[in-house]
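What's counted below: heavy atoms across the whole structure, side chains too, no hydrogens, waters or symmetry copies.
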Amino acid sequence: MSDLFVALPSVTSHGCVLFAKNADRPPSEVQEVIYCPPGDHDPGSKVKCTFVEVDQASHTHGVILSKAAWSWGAEMGANDQGVTGGTAAVWTALCHPGDHEEKLLGTDLVRLALERAGTAREAVDIVTSLLTKHGQGGACCEDPSYGQWTYHSSFLLADRTEAWLVETTGTLWVAKKIADGVCAVSSTLSIGTDYDLSSPGLKEAAESHGHWKAENGDVDFAKAFNATFEGLSLSEKQQPANRLQCGRALLQSKAKAGKITVSDMFDILRDKDSGINFSGELLTVGSQVSAVQPPGSKVPDIHWFTATPVPDLSVFKPFIFCKNPDIGKATISPSFSTEIKARSGSQTCADRRHLLYRMHEQGRELMESGSPQGKKLRDIMASLEKQCVKDIIDFLECFDESLMEEVPELFKDITDSEVKFYK
């Protein structure tokens, strides 16, 4: 389950593209934030994803990722080319027990796209070609109490000028270009017949699966393939259709009130009344907001991550791509001598809590207590983020190339400050 948002230059401050995502996952899951530098790779080399190997690209871009610590793939992230993206779980008419077979996960496809794509359109081609070749499948979480949880995926991919929504069922897919305004995505198929691209033979495949009739014309993807997942206890407001409607309304409201800002995106991800800030059987375990600058701008992109659950009790911390960035170790989960992976039939709950997660866990308990101490800590965290946003605005408004010398440890410094306040 996830909610994703994009606002394009006509409705944002400074003409940037704003991307935002909440990852709603089992409460036991730890989201880590990692940085992977760009790299060149030998011809014929392979890359090991969560379950399977695929051909490696000759070059991979630098990426900043928010990912489940047990998985190779990423819930969301960005690359040094100005491409951002994330995935949402969807339940479709083609979901079936065969999905337990280990293939690529939706999160693997996000990471592969970010490592390889120079534009959102290229990311669409990477996701869909790999999906067609390798399929999607395998256990989608590590916590054994969720059983062999599997689902299909949708993707929101954005760059400096546009965004693309990709929705899938099995190896079938459609893609829609978002060239203006805003777009909200939740854990439900939403593309009807208004797609710009589709998998070859989509209509014939839909007919052969018994989900579309030739006389109905072009395939309405959402109508043909949407399904309801009964394996989670969701309130009415947590239902994907409601969150999608509320997300659209929140974005449109922000746009009508003025140009949408990074802080507006923080507010949307923190909204509880809509169910977007998720709690219950699932929890918002990590959040991202990215501001991608217009083409030709000398001002750097800014990517904000929490690396902790519950966005209204978390601090968004900025990352800027630069020469040799150092994000520190506080958001990186511990490794194991014998790495435990979620495998079909052998899921486990290893303690993957990184330092920031553990310190935030203690702080969150205090903040949720309603005590004077908890209120004080909550105010401190809000002030830390507010000051950080102000500093970034000032940095961008008076930007000059020499200022890039100050940013390699930016994310690390804010994270270290957050840890100290929890202590």
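The salt bridge (Lys or Arg N to Asp or Glu O under 4.0 Å) test applied to E361 returns R353, not counting sequence neighbours. With sequence neighbours left out, the ring pair (Phe, Tyr, Trp, His ring centres under 6.0 Å) criterion links H134 to no other residue. Listed by chain and number, the residues in a salt bridge (Lys or Arg N to Asp or Glu O under 4.0 Å) with D326 amount to none (sequence neighbours excluded). Looking at residues two or more places apart in sequence or on another chain, you find a side-chain hydrogen bond (donor to acceptor under 3.5 Å, both in side chains) between N22 and S287.
Salt bridge K317/E418: present, at least one basic N to carboxylate O contact under 4.0 Å. Ion pairing between a basic and an acidic side chain is recognised when a charged N comes within 4.0 Å of a carboxylate O; K375 and D379 show such pairing. The existence of a salt bridge linking R121 and D159 is excluded, since no basic side-chain nitrogen approaches an acidic carboxylate oxygen closer than 4.0 Å. Of the charged side-chain nitrogens involved, none lies within less than 4.0 Å of a carboxylate oxygen, so that E401 and K298 do not count as a salt-bridged pair. Comment: R358 does not engage D351 in a salt bridge, judged by the lack of any side-chain N to carboxylate O separation of less than 4.0 angstrom.
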Using the rule given for ring pair (Phe, Tyr, Trp, His ring centres under 6.0 Å), can you reason through W304 versus F266, listing the C-alpha separation, both sets of side-chain angles and the distance that settles it, and then say yes or no? CA-CA 9 Å; W304 303 78; F266 292 171; 5.6 Å; yes
Could you give me the CA-CA distance, side-chain angles and deciding distance for T87 and T107, then say whether side-chain hydrogen bond (donor to acceptor under 3.5 Å, both in side chains) is met? CA-CA 7 Å; T87 181; T107 53; over 6 Å; no
Give the intermediate values and the outcome of ring pair (Phe, Tyr, Trp, His ring centres under 6.0 Å) for residues F225 and H209. CA-CA 10 Å; F225 294 110; H209 286 294; 7.3 Å; no
R243 and E236: CA distance, side-chain angles, deciding distance, salt bridge (Lys or Arg N to Asp or Glu O under 4.0 Å) verdict: CA-CA 9 Å; R243 299 196 332 268; E236 185 175 345; over 6 Å; no
Assess the residue pair E32 and T331 against the criterion (side-chain hydrogen bond (donor to acceptor under 3.5 Å, both in side chains)); give the C-alpha distance rounded to whole Å, side-chain angles, the decisive distance to 0.1 Å, and a yes or no. CA-CA 5 Å; E32 60 177 352; T331 64; over 6 Å; no
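The CG atom of L104 lies 8.5 Å from the OG1 atom of T50; values are rounded to the nearest 0.5 Å. Annotation: the span from L244 atom CG to I276 atom CD1 amounts to 9.0 Å, rounded to 0.5 Å. Rounding to the nearest 0.5 Å places CG of L377 at 12.0 Å from CD of E365.
Pairs passing the ring pair (Phe, Tyr, Trp, His ring centres under 6.0 Å) check and including a residue from residues 381-423, sequence neighbours excluded, read H360-Y422, F395-F399. Listed by first then second residue, pairs satisfying side-chain hydrogen bond (donor to acceptor under 3.5 Å, both in side chains) with a partner in residues 167-183 read S10-D180, T92-T169, Q136-T168, E162-K177, E167-S190, K176-D194, not counting sequence neighbours.
Within the 4.5 Å cutoff, the side chain of L18 has heavy atoms near those of the M265 side chain. Contact of the D108 side chain with the L105 side chain is registered, since non-hydrogen atoms from C-beta on lie closer than 4.5 Å. Taking 4.5 Å as the limit, some side-chain heavy atom of L8 sits within range of a side-chain heavy atom of V17. A 4.5 Å side-chain heavy-atom check between F319 and V407 finds every atom pair outside the cut-off.
Cation-pi geometry between R352 and W70 is not met: the NZ or CZ atom fails to fall both under 6.0 Å from the ring centre and inside 45° of the normal.
Here the rule is salt bridge (Lys or Arg N to Asp or Glu O under 4.0 Å) with E75, and of R111, K67, K21 only K21 fits it.
Here the shortest heavy-atom pairing between L283 and P309 reads CD2-CB, 3.8 Å.
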